[in-house]
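Just so you know, ligand 1 is whichever comes first in the structure, and atom 1 is the first atom listed for that ligand. Given the structure is predicted, the values throughout are model-derived calculations rather than measurements.
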Amino acid sequence: MTEVAQQETQKEVDLTAANQILDKYQDMHGALMPVLQDIQEAYGFIPEETVHLAAERLNVYASQIYGVLTFYAQFHLEPRGKYIMRVCMGTACHVKGASRIAETLKDRLGIAHAETTPDLKFTAEYVACIGACGMAPVIMVNDGTYGSMTVQKMDEVIAKYKNMD
Ligand code: FES
């Protein structure tokens, strides 16, 4: 995502939801993890402003929160797309042309691993085997699995999600 798009997103952060989450866990011991999970659920990622708000309200250092956020892969500090396009790069998929599938994604949407389109619709992720080797090469879009992928099928899948809200 571009720096400008990031700045735009950061400008728009409304802390109402984060405050409600912090209210909910106010008197709970060890609330940091559930607070961060709920914030990510509400915002789709952990905006910087919510880290500072949580630090203030939970009486911990922001650096401690960043330590947790960078330790656990489940947390994301940057906005992510509504549709996460996971391209399997495991051995079976690699042998059957996963790199061509990843290149198609890059060509059509302009995103490589861990990149998000400026409209926040798509994020690309290259992942290890997702356990569907019999259908290699495989991609996942959020919870949906698509097997025996070709460039043409990639175009169809991309078009399908482009046309969805
Ligand atoms: S290697 Fe891709 S699903 Fe197993």
Practice task
May I have the step-by-step check of side-chain hydrogen bond (donor to acceptor under 3.5 Å, both in side chains) for E41 and Q37, ending in yes or no?
Solution key: CA-CA 6 Å; E41 170 103 24; Q37 281 160 346; over 6 Å; no
Problem - Crowding at NE2, H52 (>12 non-hydrogen neighbours, <6.0 Å) - result: yes
Problem - Any N, O or S atom of C133 closer than 2.8 Å to atom 4 (Fe) of ligand 1 - result: yes
Handout entry: Under 3.5 Å donor-acceptor, Y43 side chain and D14 backbone
Key = yes
Exercise for the section: Examine ligand 1 and decide if any of its atoms is less than 4.0 Å from a heavy atom belonging to A136. Expected result: no
Problem - Residue I130 vicinity, atoms of ligand 1 by number, heavy atom under 4.0 Å - result: 3 (S)
Practice task
Please confirm whether the backbone N or O of H76 pairs with a side-chain atom of Q40, one donor and one acceptor, at under 3.5 Å?
Solution key: yes
Practice task
Kindly say whether A124 contributes a backbone atom to a donor-acceptor pair with the side chain of K106 at under 3.5 angstrom?
Solution key: no
Problem - Per-atom contacts, ligand 1 versus A92 - under 4.0 Å to a heavy atom - result: 1 (S)
Exercise for the section: Could you confirm whether C129 has any N/O/S atom lying under 2.8 Å from atom 2 (Fe) of ligand 1? Expected result: no
Exercise for the section: Give the numbers and elements of all ligand 1 atoms closer than 4.0 Å to a heavy atom of A132. Expected result: 3 (S)
Practice task
Check ligand 1 against G90 and write out every atom of the ligand that is under 4.0 Å from a heavy-atom position of the residue.
Solution key: 1 (S)
Handout entry: Y161 and Y146 aromatic ring geometry - parallel, tilted or perpendicular at 30°/60° bounds
Key = perpendicular
Handout entry: Per-atom contacts of ligand 1 with C88, taking only distances under 4.0 Å to non-hydrogen atoms
Key = 1 (S), 2 (Fe), 3 (S)
